[in-house]
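The figures here come from the full heavy-atom set of this structure, side chains too, leaving out hydrogens, waters and symmetry mates. Order of listing sets the numbers, starting from 1, for every ligand and every atom in it.
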Amino acid sequence: MCIFCEIIAGKVPVHKVYEDSIVLAFLDIAQVTKGHTLVIPKEHSLHMLTCEDDIMLEVMRVAKRVGQNILEMTDAKGLNVLSNVHEIAGQTVPHFHVHLIPRYDENDAINIEFKESQPQNLKALAELLYLDCLY
Ligand code: 5GP
Ligand code: ZN
């Protein structure tokens with residue numbers, strides 16, 4: 001059983017900020033910034049790309065509402081919403097979760113920076129990645 005399934009089963013205590021029959025939101029044990037929250041489905045799935053659509057949409061619906069509440073109830077001026085998929089992208093817990101990381105100022109203990117690396121052939125890439133239909 002993964003650590004988040006143990007949390008859902010009540011075997012590991014957490015500080016909850018929202019719960020319903022499908023989704024749980026709770027404070028991350030390692031607060032990157034004050035109010036750092038995780039939103040997870042109660043049904044185990046490895047990451048966002050393997051989560052069933054209806055459940056994923058519920059997770060995002062809760063993430064939106066909890067995110068709004070964080071901005072309303074704290075001094076945060078912004079929020080990073082992110083979900084890591086696989087270890088290479090920083091995933092350490094193999095259970096789909098959305099991070100809500102409130103942003104206060106330039107001293108926040110998080111730095112997300114997009115740097116351009118090699119120029120790409122965008123035409124070829126778009127042709128490679130183009131989806132004719134969703135399913
Ligand atoms: P990841 O690196 O997989 O995107 O994020 C996993 C997150 O889960 C980390 O930020 C980590 O601090 C948090 N986490 C791991 N174990 C526990 C736990 O037992 N309780 C809580 N509240 N958070 C946890
Ligand atoms: Zn799990």
Side-chain angles (χ1 to χ4, degrees):
M1 193 184 264
C2 87
I3 181 69
F4 286 178
C5 282
E6 288 190 23
I7 287 170
I8 290 155
K11 292 177 182 166
V12 176
V14 286
H15 294 279
K16 298 177 182 180
V17 297
Y18 178 78
E19 180 172 27
D20 61 30
S21 59
I22 301 169
V23 180
L24 175 66
F26 57 96
L27 297 179
D28 195 300
I29 200 166
Q31 292 277 287
V32 167
T33 60
K34 185 182 74 181
H36 179 186
T37 297
L38 299 173
V39 186
I40 68 174
K42 289 192 169 177
E43 186 177 295
H44 180 88
S45 69
L46 191 53
H47 51 64
M48 195 185 114
L49 306 186
T50 56
C51 187
E52 203 254 308
D53 280 5
D54 288 352
I55 292 174
M56 204 269 295
L57 290 172
E58 280 305 302
V59 170
M60 295 314 290
R61 201 166 71 92
V62 172
K64 175 184 174 182
R65 186 66 195 98
V66 172
Q68 289 170 337
N69 202 42
I70 289 171
L71 287 192
E72 197 180 318
M73 302 306 289
T74 71
D75 296 331
K77 301 177 189 74
L79 196 70
N80 287 111
V81 181
L82 69 102
S83 189
N84 299 324
V85 175
H86 291 315
E87 223 176 298
I88 187 74
Q91 184 175 12
T92 58
V93 175
H95 182 128
F96 172 37
H97 52 282
V98 174
H99 291 263
L100 301 174
I101 305 176
R103 299 301 299 269
Y104 298 89
D105 55 45
E106 64 276 6
N107 298 318
D108 290 340
I110 176 175
N111 179 26
I112 296 178
E113 190 185 353
F114 295 100
K115 287 184 278 188
E116 192 175 352
S117 50
Q118 287 172 321
Q120 301 289 339
N121 182 334
L122 299 188
K123 183 173 181 292
L125 257 182
E127 280 167 11
L128 175 73
L129 300 176
Y130 193 82
L131 283 175
D132 286 320
C133 61
L134 275 184
Y135 301 102

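- Of the protein's non-hydrogen atoms, I7 CD1, 4.0 Å is the one closest to atom 18 (C) of ligand 1.
- Of the options V14, L27, V93, the smallest heavy-atom separation from atom 15 (C) of ligand 1 is shown by V93.
- Of the possible donor and acceptor atoms, none in the side chain of H99 sits under 3.5 Å from a partner among the backbone N and O of H97.
- Inclusion of G90 in the set of residues having an N or O under 3.5 Å from an N or O of ligand 1 is warranted.
- Centred on the Zn ion (ligand 2), the SG atom of C2 and the SG atom of C5 lie at an angle of 120°, reported to 10°.
- With respect to atom 3 (O) of ligand 1, the closest heavy atom belonging to the protein is T92 N, 2.7 Å.
- Here F96 has no heavy atoms under 4.0 Å from ligand 1, in either its backbone or its side chain.
- The N, O or S atom of H44 with the smallest distance to the Zn ion (ligand 2) is ND1.
- Counting heavy atoms under 4.0 Å from ligand 1, residue N84 touches it through the side chain alone.
- The closest approach between H99 and ligand 1 falls below 4.0 Å for a heavy atom of the residue.
- When you scan the N, O or S atoms of H95 for the one nearest the Zn ion (ligand 2), you land on ND1.
- We find the CZ-NZ distance between R103 and K34 to be 14.5 Å, quoted to the nearest 0.5 Å.
- Closest heavy-atom approach to atom 21 (C) of ligand 1 among the candidates V98, I29, V12: I29.
- Side-chain contact check for Y18 and D20: at least one donor-acceptor pair (N or O, by modelled atom type) lies under 3.5 Å.
- Evaluated by nearest non-hydrogen atom to atom 11 (C) of ligand 1, the leading choice among D28, I3, T37 is D28.
- Under a 4.0 angstrom heavy-atom cut-off, H97 registers as being in contact with ligand 1.
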